[in-house]
Amino acid sequence: MSIAAFLKITDIFLLSFVTFESDCVILPKYESEKRMNFNELNLNEQLLRAVTEMGYQEPSEIQTAAIPVMLSGKDLIGQSQTGSGKTAAFGLPILQMIEPAKDRKTQALILAPTRELCLQVADEMRKFAKYMEGVRIISVYGGQDIQRQINDIKGGSDIVVATPGRLLDHMRRKTLRFHNCNQVVLDEADEMLNMGFLDEIKEVFAQLPSERQTVLFSATMPKPILELANVILKNPEHIKLNQKHLTVSTIKQDAYLVLPSQKTDLLIQLIELNNVNQTMVFCNTKRMVDDLNAALNKQGFLSMGLHGDMKQEMRTSIMKRFKEKQIHLLIATDVAARGIDVDDMDMVINYDLPQEIEYYVHRIGRTGRAGREGRAISFVSPRQRTVLSQIEKITRQSVELKPLPTKEDLEVMTTDLIENEIRKGLALNVSVQDIISQLSDRGLDAKHIIIGLLSKVVESHQLKAIQPVNDRKSKDRGPRDLSTLVFNLGKNQGIAPAHLISAIAESCNIRGSEIGKIIINDRQSMVEVPRHMEKEIVEIMNKTPIKGKVPYVSITGKPVKEKQRRSNKGHFNKPKSSR
Ligand code: ADP
Ligand code: MG
């Protein structure tokens, strides 16, 4: 029996991952019925050369449909799923239609909801423009030092990719002007509205030239989007791609009711219990990805994290390792996982339930391909229970709420694991007789050796049963751990809740729905934010202008007082989340 077989070889494995090689772009598969060629889309040579180099073989459906409309100069509403290739659908025609280096006055503006998407779009556009001379594309987004951005902007730009709040800031300071801008794209419009950006968007559009082509892309078309479209678009062409019906019939969907603090333990148990190969775990924030990955590595799991703050090369390299099954456990955010061509997952775990139901479908669609049985597991907090019925409705399949693994389950599981290890060890046929007799000389008989080694394994697996959540009791008072920040801006400065929500969401990469109560007094405002992000948010927001003013922000640490809450009830009008 080999000792090594019992021990987890974390360190050795982790060391071998320090070096990363870069790789080509990872591309998703498209399953369009009618195939077209990029050559048939009237795009210029330079663009064709760039997309070919990027590995695009044929245009996706939305590209096939949208590119001709955009090139005709018409306004457009495009509705299609995430990952369908919308960036090229608007990016290629925009590049074709601009006149590069024309006085360096901005000719096209692309609005995106978050910093990550902004960077992603600008990056992709630069790749498309690789063979065009002198195209300058800049991105401006909240959370970055505004002075540095102003310096960056000074050189002029042909195309600006921006988040709405920061863009407005620059427009007010007149550091960005759009007199010559005749192409405007609103990317992920629904997400922007979810983040509370409606006012900002309207204000931006009020200052744009009325002679322009406007294009709006959105995965969903709720009423507020259509209303916005009525205001900013003229006789738009509508393109709606059929939502590809996901065949989730081969995916078994389970859910576990847990508190946030219990999720990591449960995840470890499920990974051990299910003994599956490729598993993708989704979290909603970059921070969570990093924290969870660190926790799993510490427990000896060979996992890797993937999120938008990592360099593309690093991401590509991690994906390559995952695809080649050198790593079996990938922790990712939705944004980072987009456009990643891996769909033969054995199991997808929603460590955090996604904010948008659409992401759920997208996430779990990565398992159960090619008729194989896939598994999707979601961790649900007591206050998220209602989401389960929504999921059942959307997927037209039931989601089974499973009991947490019990002490007995875990014992059986541990025994299985150990039996497995022992059998693997025996199969190695390593001669250990000498060691056994030497140990025996030192007073350790076979029983000691077995108990000693087994105890070590049991201890290292740390499979302690999780206390089930008392569902009813915690139903109304959710376990959200929030901390209160004080901003020295209030009613006197014209501050409304939407300004705070959109500024924080935009700059700190969190969703509006993660922000708790907001109270606005004359000269200051109180905002509840997730406690694990309080320091990060304070640091960023102390540099981020809100309605043109950089606030002073501090942490009170306490939740907003009940008394204050009641007396200020009128101000708690957060924008509705689409959930
Ligand atoms: P969306 O904006 O619709 O969510 P993206 O534009 O971000 O989608 O595209 C998703 C991924 O697909 C990106 O990695 C992109 O490079 C890739 N992609 C886009 N169009 C094509 C194509 N025609 N062929 C291959 N890959 C493509
Ligand atoms: Mg996109």
Side-chain angles (χ1 to χ4, degrees), residues 42-44 47 62-63 65-79 86-113 117-118 121-122 125 128-129 132 135-140 153 156-190 192-193 197-218 221 224-239:
N42 290 321
L43 293 168
N44 66 36
L47 291 171
I62 187 75
Q63 290 158 5
I67 291 174
V69 178
M70 281 201 69
L71 289 176
S72 78
K74 288 194 73 174
D75 282 4
L76 169 68
I77 297 183
Q79 182 176 2
K86 290 188 282 288
T87 319
F90 61 76
L92 295 173
I94 283 184
L95 284 163
Q96 170 131 326
M97 291 187 286
I98 60 162
E99 293 173 56
K102 189 190 171 202
D103 319 325
R104 282 270 188 257
K105 284 191 179 144
T106 306
Q107 300 164 62
L109 168 65
I110 299 161
L111 281 167
L117 287 169
C118 241
V121 168
M125 298 277 290
F128 298 148
M132 289 175 69
V135 183
R136 186 150 191 262
I137 301 166
I138 60 163
S139 44
V140 297
I153 291 169
S157 57
D158 304 290
I159 300 172
V160 172
V161 188
T163 53
R166 183 52 71 94
L167 174 70
L168 204 53
D169 219 335
H170 282 293
M171 290 172 101
R172 289 195 190 115
R173 289 167 189 247
K174 304 216 184 323
T175 41
L176 277 177
R177 291 162 191 270
F178 293 95
H179 310 298
N180 283 45
C181 177
N182 50 22
Q183 291 187 72
V184 186
V185 177
L186 221 66
D187 194 15
E188 311 229 4
D190 47 356
M192 275 195 259
L193 259 52
F197 275 135
L198 186 60
D199 287 347
E200 277 90 346
I201 292 170
K202 283 186 181 156
E203 206 172 326
V204 166
F205 274 90
Q207 297 178 52
L208 295 175
S210 53
E211 278 300 307
R212 58 161 201 259
Q213 179 181 28
T214 314
V215 179
L216 180 152
F217 283 99
S218 191
M221 285 292 160
I225 300 274
L226 293 172
E227 282 165 8
L228 177 70
N230 270 337
V231 180
I232 62 171
L233 300 167
K234 283 186 208 138
N235 299 324
E237 191 117 340
H238 285 249
I239 297 176

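For the pair Met171 and Val204, the tightest heavy-atom approach, listed with the atom from each and the gap, is CE-O, 3.9 Å. Minimum heavy-atom separation, Met70 to Gln213: O-NE2, 3.0 Å. Heavy atoms only, all atoms of each residue included: Phe128 and Leu47 are closest at O-CD2, 3.4 Å. Nearest approach of Gly91 to Met125, heavy atoms of both residues: CA-SD, 3.3 Å. Minimum heavy-atom separation, Cys118 to Ser139: O-CB, 4.4 Å. When all heavy atoms of Leu111 and Met192 are compared, the pair lying nearest together is O-CE, 3.4 Å.
Between Lys105 and His179, the closest side-chain pair of non-hydrogen atoms is not below 4.5 Å. Annotation: side chain of Val215 is not in contact with side chain of Leu186 (no heavy-atom distance under 4.5 Å). The closest side-chain heavy-atom distance from Val135 to Ile98 is below 4.5 Å. Within the 4.5 Å cutoff, the side chain of Ile239 has no heavy atoms near those of the Phe217 side chain. Inter-residue side-chain proximity for Glu188 and Pro113 is flagged as met; some heavy-atom pair is nearer than 4.5 Å. Side-chain contact between Ile110 and Ile94: present, with at least one pair of heavy atoms (C-beta onward) separated by less than 4.5 Å. Taking the side chain as every heavy atom from C-beta outward, His170 and Ile153 approach each other to under 4.5 Å. Inter-residue side-chain proximity for Leu228 and Phe205 is flagged as unmet; no heavy-atom pair is nearer than 4.5 Å.
For Ala229, the side chain to side chain contact (heavy atoms under 4.5 Å, CB included) partners two or more places apart in sequence, or in a different chain, are Ile77, Leu216, Leu233. Residues meeting the side chain to side chain contact (heavy atoms under 4.5 Å, CB included) test with Leu71, sequence neighbours left out: Asn42, Leu43, Ile67, Pro93, Gln96, Met97. Every residue two or more places apart in sequence or in another chain was checked for a salt bridge (Lys or Arg N to Asp or Glu O under 4.0 Å) with Asp187, and none qualifies. Among residues two or more places apart in sequence or in another chain, the side chain to side chain contact (heavy atoms under 4.5 Å, CB included) test is passed with Pro209 by none.
Considering OG of Ser157 and CZ of Arg136, their distance stands at 6.5 Å, rounded to 0.5 Å. Considering CG of Asn44 and CG of Leu95, their distance stands at 8.5 Å, rounded to 0.5 Å. Put simply, CG on Leu176 and CG on Leu109 are 9.0 Å apart, with the number rounded to the nearest 0.5 Å. The CG atom of Leu208 sits 12.5 Å away from atom CD of Gln183, with the distance rounded to the nearest 0.5 Å. The distance from atom CG of Asn182 to atom OG1 of Thr106, rounded to the nearest 0.5 Å, is 11.0 Å. Note that CG of Leu198 and CD1 of Ile225 are 8.5 Å apart. Values are rounded to the nearest 0.5 Å.
For residues 66-79, the salt bridge (charged side-chain N to carboxylate O under 4.0 Å, His left out) pairs, not counting sequence neighbours, are Lys74-Glu237. Under the side-chain hydrogen bond (donor to acceptor under 3.5 Å, both in side chains) criterion, the residue pairs touching residues 199-208 are Arg172-Glu203, Glu200-Ser502, with sequence neighbours excluded.
For Arg173 and Thr175, the side-chain atoms include no donor-acceptor pair closer than 3.5 Å.
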